[in-house]
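Remarks on the structure that follows.
Remember, it's 1-based here, ligands and their atoms both numbered in the order they're listed.
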Amino acid sequence: MKNIVISQLFGQMADIMEILGDDRFRINSYRKVGRIISDIPSDVETMLAAGQLEKIPGLGRSSLAKIQEFVKTGKITAHQQLLAKIPPTLLELLTIPGMGPKGVKVVYEKLKVTKIGELKKAIESGSVAQLSGFGEKKAAAIARGINFLEKSTGRIRIDQAGAAADIVSNFLSSIGGIQNIQTAGSLRRYAETIGDVDILVASKKGEEIIQSFTEAPFVQEVIAAGPTKGSAMIDAEAAPVHVDVRVVPKESFGAAAQYFTGSKQHNVRLREIAVKAKLKLNEYGLFKEDKILAGPIEEEIYQKLGLDYINPLLREDRGEVEAAKINSLPSVIKLNDIKGDLHVHTNASDGNCSISAIAEAAKTLGYKYICITDHSQSSTIANGLSPKRLVNQIKQIRKLDEQIKGITILAGAEVDILADSSMDFDNKLLCDLDFVIAAIHSGLASSRKKVTKRTLKAMDNPFVNCIAHPTGRLIGQREPMDIDIAAVIKHAAETSTALEINANPWRLDLKDIHCRMAIDAKVKLEIGTDAHSIEGLALMKYGVATATRGWATKENILNTFSTAKIKSWVAKKRKALS
Ligand code: DGT
Ligand code: CA
Ligand code: CA
């Protein structure tokens, strides 16, 4: 799929135009096209050939021409022309967390900085802090960003890893001679970032399979190849991904799946149990002296160790082994427990589809409700709604809710928590909404005291039902806010405010261990996709996985409730606090 590369090219054109001081409208439209393309789940190239691409809302004629050019030639002339206008190293500066195109423009124009090293020196000399719009705090935040980048480990997001695993698994499944195939490692555990992708194959033909893998068209570089294991860097959309393929006989497949799923700490705990029982556990099986007790089937390894089967998402040595001994593992939430999505955007703000389109799509997913939560007025980059536009949108939602059968469309908003901790809409307007999400979108780098206070204060508002992406992190790109999570969780419990598990794989915010803290404090969690397109609704699985890793049952998750129960939950807080 070329989707991600094309999407990145559009994003990069927008960045360069912004550095060059181009027209804001044009810049925004390039960004939007980039996002639309990255959200399309099918291959852009195939869609183009089938004449389906022009039907995607938001893709104009000139964007289509650029996509066509890329598919044909592997490049976009407009992109190359833009690139020629700036020193190429300038784009490196954009990879620094906290450095956007606006900041790059200023340091480039005023300080002639074109490289990360030069920026570091300029910060040390104090000249960045003196630039207008920067100051000491921002300069320090950028220095931290550079530090973050320098120590970043090359781990990738789970969606990137999943895409790479699909490429390899589909390929291996098609070559024949395979009895079983299974993703293992951190990807099977749905860890929030992935070091490398592990794929396990049951087959008698190890050597042939490893050879086919290492010679596959998507392999960029072979790292190692032996009779049962191959390691390679594969070309997967945005970035090269390290994939390990291991071939085992089917008699050991279950034991190997257990072993290579990990985590290492979880395996250590299992091995301790085995040793105590005078058994031997390894990737080939569970043995009593030379006799195999379990091997082909993973469940039997757990069973023969006297444990309940442990969901791979819980295998982190966070108490799951002890719980499995005494039949007290949580009965974790499943994707089909989800009854609706409470966090979605439409083309009224920065999404790309209409209310009715996303409602119909939600219905197809089997949802009972969907809550439209476009941005509020202060989010100008996201085309946030003015109070007047929101009033109209609520009317429109009520009308569509009447017309579209089989799903309830709720009226909501993702309302900015302003710098002074107040809400971006007044309570009279919030009162007309069914569900209100509050979020910090500015000043994320401010002090622990300030960001915590803003969040706590928002929860005091009787109309605020949920705090979106409570820490604001973007995996691999922006560190979380320095926020007092324990205080946020405590106050969420006190005020009956839900905390979000933002399901977008860039965010996964709250993260698993914080979800578990929230659950222990009896806080409700809302899993929202923050979808900006119909395709974005499919991100729910990552949020559910994060909840599972936080040991959530469906009772802990607000959007497993019926529409009526959500409404009464909202009404209860309003009554209690107003
Ligand atoms: P990653 O790739 O860093 O995201 O994390 P994993 O968990 O996928 O780790 P990886 O790829 O190094 O190894 C895959 C699994 O193999 C790991 O979760 C557990 C198992 N494993 C690997 N090395 C060891 C080891 O030295 N001891 C034990 N007990 N298990 C190991
Ligand atoms: Ca791995
Ligand atoms: Ca590995």
Could you list the atoms of ligand 1 found under 4.0 angstrom from a heavy atom of [X]?
X: Asp196; answer: 2 (O), 11 (O)
X: Arg155; answer: 1 (P), 3 (O), 4 (O)
X: Thr261; answer: 18 (O)
X: Gly195; answer: 1 (P), 2 (O), 3 (O), 4 (O)
X: Asp198; answer: 8 (O), 11 (O), 14 (C)
X: Gly185; answer: 8 (O)
X: Gly262; answer: 17 (C), 18 (O), 19 (C)
X: Arg189; answer: 7 (O), 18 (O)

- Query: Hey, looking at atom 6 (P) of ligand 1, which of Ala161, Ser186, Ser263 has the closest heavy atom?
  - Reply: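 When every heavy atom of Ala161, Ser186, Ser263 is considered, Ser186 comes closest to atom 6 (P) of ligand 1.
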Out of Lys264, Arg271, Gln258, whose heavy atom sits nearest atom 29 (N) of ligand 1?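 Selected option, by shortest heavy-atom distance: Arg271.
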Could you tell me how the ring of Tyr302 sits relative to the ring of Tyr309: parallel (under 30°), tilted (30 to 60°) or perpendicular (over 60°)?
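It falls in the perpendicular class, over 60°.
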Is a salt bridge present between [X] and [Y], judged by a nitrogen-to-oxygen distance below 4.0 Å?
X: Lys325; Y: Asp308; value: no
X: Arg144; Y: Glu479; value: no
X: Arg315; Y: Glu298; value: yes
X: Glu92; Y: Lys120; value: no
X: Asp509; Y: Arg473; value: no
X: Arg318; Y: Asp512; value: yes

Side chains of Ser533 and Asn352 only: does a donor on one sit below 3.5 Å from an acceptor on the other?
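No - no donor-acceptor pair under 3.5 Å links their side chains.
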If we ignore angles and hydrogens, is there a donor and acceptor under 3.5 Å between the side chains of His532 and Asp350?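 There is such a pair (donor and acceptor under 3.5 Å, judged by atom type) between the side chains of His532 and Asp350.
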* **Exercise check, heavy-atom protein proximity under 4.0 Å to atom 4 (O) of ligand 1** => yes
_Distance from atom 20 (C) of ligand 1 to nearest protein heavy atom, with residue and atom_ =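 Here the nearest protein heavy atom works out to Tyr259 O, 3.2 Å.
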Among all the protein's non-hydrogen atoms, which is closest to atom 14 (C) of ligand 1, and how far away is it?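 The closest heavy atom on the protein side is Phe260 O, 3.5 Å.
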Original post:
Is it true that the NZ or CZ of Arg31 lies under 6.0 Å from the centre of Phe10's six-membered ring and within 45 degrees of the ring axis?
Top reply: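 No, Arg31 does not sit over the ring of Phe10.
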>> the Ca ion (ligand 2) and Asp244: any N/O/S contact shorter than 3.0 Å?
In response: no
Practice item. Look only at the side chain of Ser263 and the backbone of His266, and say whether a donor-acceptor pair between them is shorter than 3.5 Å. Key: yes
To the Ca ion (ligand 2), the closest N, O or S atom belonging to Asp198 is OD2
Checklist entry - Out of curiosity, is Ile194 lining ligand 1, as in a heavy atom under 4.0 Å away? => result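 Per 4.0 Å heavy-atom rule, Ile194 contacts ligand 1.
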Check your understanding: With a 4.0 Å cut-off on heavy atoms, does Leu187 reach ligand 1?
Key ->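 Contact check Leu187 vs ligand 1: negative.
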(message) For ligand 1 and Thr193, I'd like to know whether there is a polar contact (N/O to N/O, distance under 3.5 Å).
(response)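 By distance alone, the answer is no.
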